[in-house]
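Everything quoted here is computed from the prediction, not taken from an experiment. All ligand and atom numbering here is 1-based and tracks the order in the structure.
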Amino acid sequence: MTEPATTTLTEPALRTAPKVLLHDHLDGGLRPGTVLELADACGYRLPAGTEPELARWFRDSADSGSLERYLETFAHTVAVMQTPDGLERVARECVLDLAADGVVYAEVRFAPEQHLERGLDLDSVVEHVLEGFRSGESAVEASGAQPIRVRLLLTAMRHAARSREIAELTVRFRDRGVVGFDIAGAEAGYPPSRHLDAFEYMRAANAHFTIHAGEAFGLPSIHEAIAFCGTDRLGHGVRIVDDITVAEDGTATLGLLANYVRDKRIPLELCPSSNVQTGAVDTLERHPFDLLARLRFRVTVNTDNRLMSDTTMSKEMMRLVETFGYGWSDLERFTINAMKSAFLPFDQRLELIDNVIKPGYAVLIG
Ligand SMILES: O=c1[nH]cnc2c1ncn2[C@@H]1O[C@H](CO)[C@@H](O)[C@H]1O
Ligand SMILES: [Zn+2]
C-alpha cells in the first residue's frame with residue numbers, strides 16, 4: 001500500500017482548500033468592472049475609465065503608507081453603493097467571488113450609515129445587503145459548488161456619532177444574518193472608549209463585537225478595546241507586537257497586555273497585505289504574523305479589502321506560505337482558529353470544523 005501523496009502547495013491547490021474569512025469589508029471588495037458599471041448608471045465620475053486602469057488606481061492609491069490616505073479610496077466604492085440594486089449586486093458578487101476562492105464561511109462588514117445618500121434608511125440598507133447575500137448563496141448552491149455561508153457584521157464609523165444606533169441595528173437584525181458589530185475608520189484620535197455606550201449596549205444584549213484596534217495606533221487602543229470595551233476579537237491587533245520583546249537568542253518575553261490577549265485566546269484578525277499598504281508594518285517579511293503564530297496567539301488570516309489590496313484569501317495565504325514557509329497543517333490551524341472565533345453559534349462552528357475543514361485539509365495533506 002502506498003501512502004496518499006501530499007498535494008503540492010500552490011495557489012490553485014490553495015483555492016480548493018476550505019477557508020474561513022472573518023475580516024472583509026463589503027465596500028473594499030467590489031469588482032472593478034462593477035464599480036465602472038454602477039458609476040455609469042448613477043452618473044458618478046471615477047478617477048479611471050477602464051477596468052485595468054481602475055484596478056491599478058485602487059491598488060496604487062491604497063499603497064499610501066497611511067491609514068487615512070488608504071481610506072480616501074473608499075469614497076468611490078461607497079458612492080456607487082447607494083441604491084437597492086447597487087447594494088444587492090455588490091453583496092451577491094461578494095458571495096460568488098469568495099465561494100470561487102474556496103471560502104466556506106465568511107463574515108463581511110460594512111457601515112450602513114455611509115449608504116444613506118440617496119434616500120435609503122438604515123434598515124433597508126441592511127435588508128438589501130442581506131438579500132444580495134442570500135441570492136449569492138443560492139446561486140452557489142444551485143451550481144453544485146462547495147456551499148458557502150456568509151454573515152454580516154455592521155460597522156460604525158469611529159469619527160462619527162452613530163455607534164449606539166448601529167449597535168441597536170445589529171441586535172434588531174440578529175436573527176436575520178447579522179452576527180456582530182464593529183467600529184472602523186481612522187484610529188488615531190478616535191479611541192474605542194469614545195463608543196463605550198455602544199459596546200455596553202451590545203454586552204447587555206449578549207451580542208458579539210470586534211474592534212479595529214492596534215493598526216494605525218498602538219497598545220493604548222488595544223488596551224481600551226479589551227479592558228474598557230470588552231471586545232470579543234481584535235480587528236488587526238498587529239501592534240500587540242509592541243508588548244513583546246524578543247532577545248537575540250530568540251526568546252520572547254510578553255508584557256501584561258500581550259499575555260492577556262494570548263491567555264484569553266482573543267482572536268487577532270490579521271490582514272497581511274493591508275497592513276503593508278497602510279504602513280502598519282514595513283514589509284511582509286517584517287510582519288509579526290509568524291512571531292505571533294509561533295507564540296500560539298490565536299492568529300487568523302484575512303483579506304481586509306480585496307479591491308484595494310488586489311487580493312483574495314488564497315493569495316494572502318500563499319504570500320504567507322512564500323514568506324514564512326508554512327505547510328498545509330499550518331494553514332489548517334489558522335483556518336480552525338478562524339472558525340473557532342466566528343460569531344456563529346457553537347454547534348454550527350463545530351459542524352463546519354468537523355465536516356468541512358478537517359476533511360478538506362485531510363485530502364490535501366494526504
Ligand atoms: O483597515 C481598515 N482600518 C480601518 N478602517 C477601515 C479599514 N478598511 C476599511 N475601513 C473602513 O471601514 C468602512 C466600512 O467598511 C470603510 O468605508 C472604510 O472607511
Ligand atoms: Zn478592516
* **Polar side chain donor-acceptor pair, T300 to E269, under 3.5 angstrom** =>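 There is no such pair (donor and acceptor under 3.5 Å, judged by atom type) between the side chains of T300 and E269.
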
* **Between N305 and Y70, a side-chain donor and acceptor under 3.5 Å** =>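 There is such a pair (donor and acceptor under 3.5 Å, judged by atom type) between the side chains of N305 and Y70.
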
* Determine which pairs satisfy ring-ring contact (aromatic ring centres under 6.0 Å, His included) with at least one residue from residues 115-141, sequence neighbours left out, and list them in order. => F110-H115

* Among pairs that include at least one residue of residues 327-366, which meet ring-ring contact (aromatic ring centres under 6.0 Å, His included), considering only residues two or more places apart or in two chains? ->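 Counting only pairs at least two positions apart or across chains, the ring-ring contact (aromatic ring centres under 6.0 Å, His included) contacts touching residues 327-366 are H208-F343, F289-F334, Y326-F334.
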
* Asked: Taking only heavy atoms of D304, which atoms of ligand 1 are found under 4.0 Å from at least one of them?
  ->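 The atoms of ligand 1 under 4.0 Å from a heavy atom of D304 are 1 (O), 2 (C), 8 (N).
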
* Would you mind running through ligand 1 and noting each atom that sits below 4.0 Å from a heavy atom of F110? =>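 Those of ligand 1 that fall under 4.0 Å from F110 are 15 (O).
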
* Contact with ligand 1 for M157, non-hydrogen, under 4.0 angstrom ->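 The answer is yes: ligand 1 sits under 4.0 Å from a heavy atom of M157.
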
* Consider ligand 1: state whether an atom of it lies below 4.0 angstrom from any non-hydrogen atom of M308. => no

* Give yes if a backbone or side-chain nitrogen or oxygen of Q114 is under 3.5 Å from a nitrogen or oxygen of ligand 1, and no if not. =>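 For ligand 1, there is an N or O atom that lies under 3.5 Å from one belonging to Q114.
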
* If we only count N/O pairs under 3.5 Å, is N305 in contact with ligand 1? ->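 By distance alone, the answer is yes.
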
Tell me, which protein residue and heavy-atom name are nearest [atom], and how many Å apart are they?
{"atom": "atom 18 (C) of ligand 1", "answer": "L71 CD2, 3.7 Å"}
{"atom": "atom 16 (C) of ligand 1", "answer": "D27 OD2, 3.1 Å"}
{"atom": "atom 3 (N) of ligand 1", "answer": "E215 OE1, 2.8 Å"}
{"atom": "atom 5 (N) of ligand 1", "answer": "G185 N, 3.0 Å"}

* To do: Have a look at R109 and tell me which of L26, D24, D182 forms a side chain to side chain contact (heavy atoms under 4.5 Å, CB included) with it.
  =>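 Running side chain to side chain contact (heavy atoms under 4.5 Å, CB included) over L26, D24, D182 with R109 returns exactly one hit, D182.
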
* What part of L67, side chain from CB on, backbone N/CA/C/O, both or neither, has a heavy atom under 4.0 Å from ligand 1? ->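 The part of L67 near ligand 1 is the side chain, not the backbone.
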
Give a yes or no on whether a salt bridge exists between [X] and [Y], defined as a side-chain N under 4.0 angstrom from a carboxylate O.
{"X": "E131", "Y": "R134", "result": "yes"}
{"X": "D60", "Y": "R56", "result": "no"}
{"X": "E93", "Y": "R89", "result": "yes"}

* Grab the two heavy atoms, one from D27 and one from M308, that are nearest each other, plus how far apart they are. => O-CE, 4.0 Å

* How about the Zn ion (ligand 2), which protein N, O or S atoms come within less than 2.8 Å? -> H23 NE2, H25 NE2, H212 NE2, D304 OD1

* Asked: Can you name the ring pair (Phe, Tyr, Trp, His ring centres under 6.0 Å) partners of H236, sequence neighbours left out?
  -> H23, H212

* Asked: Looking at F173, does the NZ or CZ of R176 lie under 6.0 angstrom from its six-membered ring centre and within 45 degrees of the ring axis?
  -> yes

